[in-house]
Protein chains: 2
Amino acid sequence: MARARTTSDVFNAIAEPRRRQILELLAVRGALAVGTLVVLLGHPQSAVSKHLGVLRKVGVVAVVKQGKQRVYRIDAAHLKTVHDWVKPFEQLWDHHLARIKALAERRAQEQTFVPNPQQQKGPS
Amino acid sequence: MARARTTSDVFNAIAEPRRRQILELLAVRGALAVGTLVVLLGHPQSAVSKHLGVLRKVGVVAVVKQGKQRVYRIDAAHLKTVHDWVKPFEQLWDHHLARIKALAERRAQEQTFVPNPQQQKGPS
DNA sequence: ATATTATAGTCCGATATGGGAATATGTCAA
DNA sequence: TTGACATATTCCCATATCGGACTATAATAT
């Protein structure tokens, strides 16, 4: 098996910096035609279209034909997926949990509970 | 150029589902030795170690030697990067912005302002 | 010193990029 | 119809995986 498809997941889709940049622009300006994005980003049209293609397949952006242009806008629902995932980690940096972390670290030793030590293959 | 390194970015690091799973476990249990993770995840030790390696290089986890075990814990600061990035998009789904989106879409037409139409190569 | 345990790292192979160039498709205009 | 414009798609290629099997390294026990 190789690396996962960029179109398999929002997480994979936003791993690419340029794709994130596109989303940022769409968020700020509301909706943009490909040509506008090409100008704003300064990347070749080919690249922009391909990135938009990935974002489209994942569902994080939606298109609307408008004459010969295609206007893209964000479909934030899928970004919410990412948000919902990181959100729970918030507490780990929000509060000064440094001390609690240290505590957990010490506790990890006794808790290590390795039921089946040195197991090379996963269980059925 | 090919795909970006998984170690280049937190975004790239968390693109992998198993890596996300590891972070979830570490968040809940506080800190865990590799062996424990191997058991909990059911993946071969080799794979777990490699994923931990990626997370380590990105800085989202930290290790502490404890005898012959290595106890990993989350270093949430780097996850905050992701959080800070998606956060601004929150408003796009929080409120029923459907109408506003539609408005922006219509507005996009006039606003399309393509200063240099059909530009295959990016500017210097 | 030697064996054992806990992890990390290497080698291999199949696969999915992402960029550039060129081309295809689709839409409107004359 | 023919042509120009806006986008999407295809080709080619260098590269970075991810998993599995195996090996190397480190720490502890005997």
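Computed over heavy atoms, backbone and side chain alike; hydrogens, waters and symmetry mates excluded. Naming convention: chains lettered A, B, ... in sequence-line order (proteins, then strands); numbering from 1 in each chain.
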Side chain of Y72(B) (C-beta onward), nearest among dA8(C), dT7(D), dT28(D): dA8(C)

pair R20(A)-D9(B): side-chain heavy atoms closer than 4.5 Å: yes

Pair H51(B), R19(B): side-chain N/O donor-acceptor within cut-off below 3.5 Å: yes

Interatomic distance where NE2 belongs to H43(B) and P belongs to dA8(C) [whole Å]: 16 Å

From dT27(C), dT7(C), dC11(D), nucleotide with atom closest to K50(A) side chain: dC11(D)

Side-chain N,O (H51(B)) to OP1/OP2 (dG19(D)) below 4.0 Å: yes

From dG20(C), dG18(C), dA6(C), nucleotide with atom closest to Q69(B) side chain: dA6(C)

Under-3.5 Å donor-acceptor pair between S46(A) side chain and dG19(C) base: no

Sole candidate of L23(B), D75(B), L79(B) that passes side-chain contact (heavy atoms from CB on, under 4.5 Å) when paired with V61(B): L23(B)

Integer-rounded Å distance: dA8(C) C1' and L37(B) CG: 15 Å

L40(B) vs L32(B), side-chain contact (heavy atoms from CB on, under 4.5 Å): CA-CA, chis, key distance, verdict: CA-CA 10 Å; L40(B) 292 177; L32(B) 296 171; 3.9 Å; yes

Nucleotide nearest S49(A) (side chain, heavy atoms from C-beta), chosen from dA8(D), dC18(D), dT7(C): dA8(D)

Residue R56(A), side-chain heavy atoms: nucleotide from dT7(D), dT9(D), dG20(D) that is nearest: dT9(D)

Interatomic distance where CD belongs to Q66(A) and P belongs to dT27(C) [whole Å]: 13 Å

Contact nearer the 5' end of DNA chain D, comparing R70(B) with A47(A): A47(A)

Worked check of side-chain contact (heavy atoms from CB on, under 4.5 Å) between L41(A) and R18(A): CA-CA 9 Å; L41(A) 293 167; R18(A) 291 157 197 272; over 6 Å; no

Verdict with supporting geometry, I14(A) and V82(A), side-chain contact (heavy atoms from CB on, under 4.5 Å): CA-CA 10 Å; I14(A) 67 170; V82(A) 178; 4.0 Å; yes

Nearest listed nucleotide, side chain of Q45(A), among dT7(D), dC28(C), dC22(D): dT7(D)

Whole-Å distance separating the CG atom of L41(B) from the P atom of dC18(D): 16 Å

Sugar-phosphate, base or nothing in reach of K65(A), heavy atoms under 4.0 Å: sugar-phosphate

Quiz item: cation-pi between R56(B) and Y72(B), 6.0 Å / 45°: no

DNA chain D contacts among residues 2-21 of chain A, heavy-atom distance under 4.0 Å: A2(A), R3(A)

